[in-house]
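In what follows, a single structure is set out as structure tokens and then discussed.
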Amino acid sequence: MHNRYPNEGMSLIVKTITRFTVWLIFLFGLYIFLHGHLTPGGGFAGGVIIALSYVHLTLAYGRNYVNDVLKKSTMHSLEALASLLAVLVGIIGLYAMGHFLQNFMGVGQLHHLLSAGYIPVMNMLICVKVGMGLYLVFYYLASYHLEEGK
Amino acid sequence: MTLYLMCFFLFLVGVYGAITKRDLIKIILAIGIMGYSVNLFLVLIAYRSGALAPILKEGISVPMVDPIPQALVLTSIVIELGITALMAALAIRIYEKYDTLDITKIRRLKG
Amino acid sequence: MILSQFIFVPLAAAFLIALIARKKENFAAVICMIASLWLFVNSIIAFFRLPEFGGMIMKTTSGWKIPFTIPFVLDNLSAFMLIIISLIGVISAFYALQYIKHFTGKWNFFSLFMLMFTGMNGVVLTGDFFNLYVFMEISLISAYSLVAFGTESEELEAAFKYATMGAITSTMILFGIGILYSFTSTLNMAQVGEIVQQSANKKVIFLVFGLFITGFGLKAALVPFHAWLPDAHPSAPAPISAMLSGVLIKTLGVYTIVRVFFNVFGAPQVVLTILMLLAVLSIVIGGFLSIVQWDFKRMLGFSSVSQIGYVVLGFAIGTPLGILGGVLHLFYHSIFKSLLFLNSGAVEYATGERDIRKLGGLSKDLPITSSTTMVGTLSISGIPPFNGFFSKLIIIIACFQAGNPILGFIAAAVSIVTLAYYLKVQKHAFYGKKKAKQILEKVPFTLKAAMIILAVLCLATSIILIPSIREATVQPIVDTVVNKTQYIDKIIPYLGSI
């Protein structure tokens with residue numbers, strides 16, 4: 001993506017290295033949450049790693065560039081939407097099967113990627129929620145301008 | 001037993017820090033240490049030496065690790081993350097208002 | 001009965017507000033009002049339909065059998081607490097509609113308000129120790145943020161103090177839960193209770209008692225742990241002060257103490273003695289510290305410490321009469337303390353001032369606020385026929401009956417002290433010499449309506465004392481608390497294996 005803020009962030013070396021590494025971190029986060037029902041990991045761990053990839057980008061390029069990649073208001077909306085959908089999954093379980101958060105999808109075969117009922121869906125929603133939420137926490141904590149020795 | 005005692009000692013370190021330190025950031029860190037010691041305690045409860053990961057499968061008779069405390073630890077880590085972030089935000093706002101992080105100088109409430 | 005609606009309706013409302021109301025601010029109030037009214041109606045339905053189900057409804061989440069999943073348990077005590085939470089919640093939300101006009105980011109307020117609602121409903125409904133901790137943290141984190149909502153320096157300071165103390169004691173509660181789990185290998189409350197009451201060697205349980213009394217005692221603001229309350233409650237916006245003082249300390253403190261120590265651990269005498277001591281300390285110290293306060297809301301905060309002492313004293317006596325007094329005072333205190341906090345909010349809204357020395361003669365300018373404050377004053381200091389009189393009378397009689405006349409005298413004496421410091425407010429703020437040019441703004445409609453509803457309730461809830469009504473409503477709650485094994489016996493049959 002074209003960088004409209006070339007003077008912000010760190011030096012050229014950092015930016016160049018970041019261009020290679022940030023995708024790896026992001027992909028690793030995707031991997032962790034996609035395999036959350038098979039191996040250790042899951043929505044929260046994957047979400048934290050995805051948030052870290054955005055933090056990485058912010059440190060290297062400055063926060064205005066990240067705002068171009070994914071708008072802050074979009075992040076807020078995604079976060080709220082993901083948590084709302086997670087509640088909805090629970091309600092669907094209630095009305096379809098009789099208990100809140102009950103599994104209403106096929107269980108599938110052990111150790112297959114598409115298995116374990118609604119757990120991958122929940123992992124995805126939690127991943128979006130945690131990723132966006134944690135990045136926003138970082139963003140707001142970092143956006144205070146503190147003046148030293150006042 | 002030594003491990004449990006050391007875990008309790010870590011808990012007491014956290015309590016000591018939270019009670020005696022004057023710096024807001026140090027108080028937040030001390031609360032974090034308390035949380036870590038409790039997480040460590042929960043994991044220690046679940047641990048069995050030589051046990052397997054708790055995945056039910058046919059033909060396995062080796063003892064398995066108790067999975068519940070591990071789930072509890074994950075949840076409590078998430079909660080601690082929330083509290084730490086909130087307290088850090090509060091500490092930053094307090095620094096903006098008072099220009100200090102020393103709790104002996106942050107005393108506008110009286111009584 | 002769908003029990004999980006008490007969790008997912010406010011939770012979904014909170015996220016819906018965060019999703020929609022960021023752009024359209026008016027939706028926040030609408031969604032919040034709809035959700036809290038829904039909860040209020042449903043909690044009343046739940047309370048009155050409970051006898052059909054034999055006094056207890058147990059629903060598991062995710063459809064598994066009990067020790068493998070989290071149960072939601074609705075018994076008489078839980079249903080009663082649900083009604084209190086949603087009653088005060090509905091009125092505070094209605095009050096907040098116009099009160100928070102001057103704040104920025106209104107949707108944040110309503111979203112956090114619904115999250116606090118979720119946490120309290122969850123604490124009341126859950127039948128699992130760790131789930132109790134999780135819901136407690138949900139409501140506490142939203143309470144910390146709501147205390148700091150105004151972002152003035154005092155509010156931030158109070159919120160940090162509250163957050164520090166709350167986090168330390170929450171960690172202690174989690175530590176206690178860990179010890180309990182290692183002792184019993186289960187987290188289900190009924191199963192824990194069964195194993196603990198039957199085991200022979202239970203010295204380690206006393207460590208759990210200590211951790212839990214510290215943890216829940218701080219949430220209830222009993223005296224050695226009360227330091228956060230007089231800072232945190234006055235600093236919040238008035239509707240939140242009403243929620244915190246009226247409901248939050250009762251759900252997170254008193255309800256959990258009653259549930260854990262009476263229903264699960266079978267009310268051991270050592271705990272009752274400690275609670276009695278803490279309660280008397282709270283009554284006396286809270287009462288006497290209130291006298292010297294000049295800040296209206298801060299005085300109400302100290303008064304909460306004193307009154308929560310009465311509630312815990314009622315429960316700690318342990319006789320059916322004492323528990324009846326505790327239950328009634330819990331209900332009545334949530335009504336009149338919320339009313340008084342809403343009054344103080346209205347005074348602050350109209351005059352911009354909280355120091356009662358700088359006010360005077362408000363009874364002419366703010367007739368409705370003045371008269372409802374008078375109702376609250378008479379109720380809290382125990383003047384018949386207002387509700388506070390009856391609950392305090394029952395607690396004092398129970399003290400004498402249980403052979404503790406000294407406690408009875410202390411409770412009666414501090415009741416007079418209560419009258420003294422509330423009359424101080426009346427004298428300085430509402431009567432006496434009028435200060436020039438103090439009314440900045442008129443009190444809006446929703447503030448007045450909320451205060452009038454609560455003032456009417458102060459009188460109307462006295463009818464619970466009529467024997468036939470008492471038998472139908474309060475008596476089952478008292479039985480739930482008094483009966484040491486009923487809770488366990490009713491849940492144990494649901495136990496199953498995978």
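No hydrogens, no waters, no symmetry mates; every other heavy atom, side chains included, goes into these values. In the text below, chain A, chain B and the rest are named by the order of the sequence lines, each starting its count at 1.
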Closest-packed option against chain C by number of heavy-atom pairs under 4.5 Å, given B/L42, B/I103, B/D66, B/V15: B/D66
Cation-pi check, C/K358 onto C/W294 ring (under 6.0 Å, within 45° of axis): no
Ring centres under 6.0 angstrom apart (C/F212, C/F209): no
Atom group of B/L24 that falls short of 4.5 Å from chain C, counting heavy atoms: both
Portion of C/T151 that has a non-hydrogen atom of chain B nearer than 4.5 angstrom: both
Main-chain N/O of C/P237 paired with C/S241 side-chain donor or acceptor, under 3.5 Å: yes
Heavy-atom contact with chain C under 4.5 Å, split by part of B/L72: both
Contacting region of C/A163 [heavy-atom separation from chain B under 4.5 Å]: both
Under 4.5 Å from a heavy atom of chain B, the part of C/F160 involved: both
Pair C/F175 + B/F11: ring centers closer than 6.0 Å: yes
Proximal component of B/Y4, with respect to chain C [non-hydrogen, under 4.5 Å]: neither
Residue, of C/L140, C/I179, C/I177, that accumulates the most heavy atom pairs under 4.5 Å with chain B: C/I179
Side-chain donor/acceptor of B/T75 to backbone N/O of B/A71, under 3.5 Å: yes
Under 4.5 Å from any heavy atom of chain C - which part of B/I27: side chain
Top contributor to chain C interface from B/L90, B/V78, B/I19 [non-hydrogen pairs under 4.5 Å]: B/L90
Engaged part of C/L289 at the chain B interface, taking heavy atoms whose separation is under 4.5 Å: neither
Plane angle bin for C/H233 and C/F341 - parallel if under 30°, tilted between 30 and 60°, otherwise perpendicular: perpendicular
B/K26, NZ atom: more than 12 neighbouring heavy atoms under 6.0 Å: no
Mutual orientation of the aromatic rings belonging to C/Y144 and C/Y162 [parallel < 30°, tilted 30-60°, perpendicular > 60°]: perpendicular
